[in-house]
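Beneath this line is the structure, given in structure tokens, with notes to follow.
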Amino acid sequence: MLEKIEQLKAEIAAAEAQNEAAVEELRIKYLSKKGAISLLMNDFRTVAPELKRELGQKLNELKTFATERINTLKTQAAEQAAGAAADALDLTRTPAPMPIGTRHPLNIVRQEIIDIFSRMGFSIAEGPEIEDDWHVFSSLNFAADHPARDMQDTFFLSRDPEQGDVLLRTHTSSVQTRVMEHAQPPIRIICPGRVYRNEAISARAHCFFHQVEALYVAENVSFADLKQALLFFAREMFGPETQIRLRPSYFPFTEPSAEMDISCNICGGKGCAFCKQTGWVEILGCGMVDPNVLDACGIDSKKYTGYALGMGIERITNLKYRVKDLRMFSENDVRFLREFTSAAK
């Protein structure tokens, strides 16, 4: 038996395996229940009592040696497989085809609006989404009992008569007042951002949405300047044949105020279901900056005048891409987002 042990040990020491499958074959051959070492263990029963101690120790050493040798071969086979995979990797090869991503439709339209106003000399201004009552309401000529201050329209974070209310901004006009407080005319800015209103979520309304507002304050700014800027924007955004019309309206921070319609870009102004057969679609509000707003922000209303306008980015996106449900913009449905792959290029 001692000769068989030494023979098996030499055989195991010389064993080689090129892959993990070959290592498994060796394990089965020597260490399984029907393997060579197990068979020797069975023969151990017939060994003379005076030799059992010596041979038992030799058998245990053989089993330990075989286990370590097979583990070493298994590690070597795994390393060789990893090295072969690395050698097969061609780092100069182009990546495997992957789905092409895209920018969000609201970001696409937002950037397009910014580009149009940038060509008119407007620069971007941004401000905090958590605001105080002064910048959102009081500085913009909102009366103390104005409905927009009610909890039904505004998300108030705290109500403090002494320190002032803290709230989520309901419009990006707060950015305009912040700029006017720290800068003197000429001021020509565009203010994109997210705003919040306490409204029920539906296909036509959401508790948060996105706006872009523009402000121009300088000497001798007139309503004619506003109209020309609006016409330029409409034709750049919706096409050179687009017509505009202004309807009298009311906003606390502008006087006079107006709402602007464009000729329906779907039916060309002839009338369809989208424009409710009128041929016109409302897209934004505008007006001349109220002198009270200029004075509240430290600008001399007797020397300077200005105009302001604001629009919802979702509204413009709806017109360009005919998205009927506002909720689709925030649900992150990849099937919806993939439709804008070509638009983002």
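Hydrophobic clustering (side-chain heavy atoms under 4.5 Å, transitive across Ile, Leu, Val, Met, Phe, Trp, Tyr) keeps Trp134 apart from Phe155. No path of Ile, Leu, Val, Met, Phe, Trp and Tyr side chains, each step under 4.5 Å between heavy atoms, connects Ile201 with Phe336, placing them in separate hydrophobic clusters. In the hydrophobic clustering of ILVMFWY residues, with side-chain heavy atoms under 4.5 Å counting as a link, Leu337 and Phe209 come out apart. Hydrophobic clustering of Ile, Leu, Val, Met, Phe, Trp and Tyr side chains at less than 4.5 Å, counting indirect connections, unites Phe232 with Ile316. A continuous path of Ile, Leu, Val, Met, Phe, Trp and Tyr side chains, each step under 4.5 Å between heavy atoms, connects Met237 with Leu246, placing both in one hydrophobic cluster.
Looking at Asp153 and Thr170, their side chains never come closer than 4.5 Å, going by heavy atoms from C-beta outward. For the pair Asn71 and Thr75, the minimum side-chain heavy-atom distance is 4.5 Å or more. Looking at Leu215 and Cys191, their side chains never come closer than 4.5 Å, going by heavy atoms from C-beta outward. Using a 4.5 Å heavy-atom threshold, the side chains of Pro105 and Val323 count as separate.
Using a 4.0 Å cut-off between charged nitrogen and carboxylate oxygen, Arg327 and Glu314 do not count as a salt-bridge pair. Look at Arg159 and Asp165 and you find a salt bridge, because one of the NZ, NE, NH1 or NH2 atoms lies within 4.0 Å of a carboxylate O, short of that distance.
With hydrogens and angles disregarded, no donor-acceptor distance shorter than 3.5 Å links the side chain of Arg315 to the backbone of Ile283. At distances below 3.5 Å, at least one donor-acceptor pair connects side-chain atoms of Thr278 with backbone N or O atoms of Trp280. In terms of modelled atom types and a separation under 3.5 Å, the side chain of His171 and the main chain of Val195 share no donor-acceptor contact. Remark: side-chain polar atoms of Arg235 are paired, donor with acceptor, to backbone N or O of Thr242 under 3.5 angstrom. A donor-acceptor pair is defined here as one N or O able to donate and one able to accept, closer than 3.5 Å; no such pair exists between the side chain of Asp295 and the backbone of Asn292. Judged by distance alone, the side chain of Ser139 and the main-chain N or O of Thr177 form no donor-acceptor pair under 3.5 Å. Remark: side-chain polar atoms of Arg247 are not paired, donor with acceptor, to backbone N or O of Glu282 under 3.5 angstrom. Distance alone, capped at 3.5 Å, places no donor-acceptor pair between the Asn141 side chain and the Val293 backbone. Formation of a donor-acceptor pair under 3.5 Å by the Ser257 side chain with backbone atoms of Gly287 is not found in this model. Looking at Arg188, its side chain never comes within 3.5 Å of a backbone N or O of Ala214 through a donor-acceptor pair.
Atom CD of Gln57 has 12 or fewer heavy atoms from other residues, nucleotides or ligands within 6.0 Å. Heavy atoms of other residues, nucleotides or ligands lying less than 6.0 angstrom from NZ of Lys63 number 12 at most. For Leu157, the CG atom counts as densely surrounded, since its 6.0 Å shell holds more than 12 non-hydrogen atoms of other residues, nucleotides or ligands. By the 6.0 Å contact criterion, CZ on Arg204 is open, its count of non-hydrogen atoms from other residues, nucleotides or ligands being 12 or less. Under a cut-off of 6.0 angstrom, the local environment of CG in Asn220 is sparse, with at most 12 non-hydrogen atoms contributed by other residues, nucleotides or ligands.
Aromatic ring centres of Tyr307 and Phe223 lie farther apart than the 6.0 Å criterion allows.
A distance of 14.0 Å separates CZ in Arg169 from OG1 in Thr154, rounded to the nearest 0.5 Å. One distance of note links CE of Met180 with CD1 of Ile187; it measures 6.5 Å at 0.5 Å rounding. Rounded to the nearest 0.5 Å, atoms CD (Glu24) and CD (Glu20) are 9.5 Å apart. With rounding to the nearest 0.5 angstrom, the CG atom of Leu140 is 10.0 Å from the OG1 atom of Thr254. If you take CD1 on Ile313 and CD on Glu112, they are separated by 11.5 Å, rounding to the nearest 0.5 Å. Here the straight-line distance linking atom NE2 of His135 with atom CG of Leu167 works out to 11.5 Å at 0.5 Å rounding.
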Dump the intermediate steps for side-chain hydrogen bond (donor to acceptor under 3.5 Å, both in side chains) on Gln111 and Asp115, then the final yes or no. CA-CA 6 Å; Gln111 190 59 51; Asp115 290 343; 2.9 Å; yes
Pair Glu126-Arg178, salt bridge (Lys or Arg N to Asp or Glu O under 4.0 Å): steps then yes or no: CA-CA 9 Å; Glu126 296 180 338; Arg178 285 186 173 274; over 6 Å; no
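Partners of His206 under the ring-ring contact (aromatic ring centres under 6.0 Å, His included) rule, at least two apart in sequence or in another chain, are Phe208.
Note on ring orientation: taking the six-membered ring where Trp is involved, the planes of Phe117 and Phe122 are perpendicular (angle over 60°, cut-offs 30° and 60°). Taking the six-membered ring where the residue is Trp, Phe137 and Phe156 present tilted rings, their angle falling between 30° and 60°.
Partner of Val212 under the side chain to side chain contact (heavy atoms under 4.5 Å, CB included) criterion, out of Ile113, Val109, Leu309: Ile113 alone.
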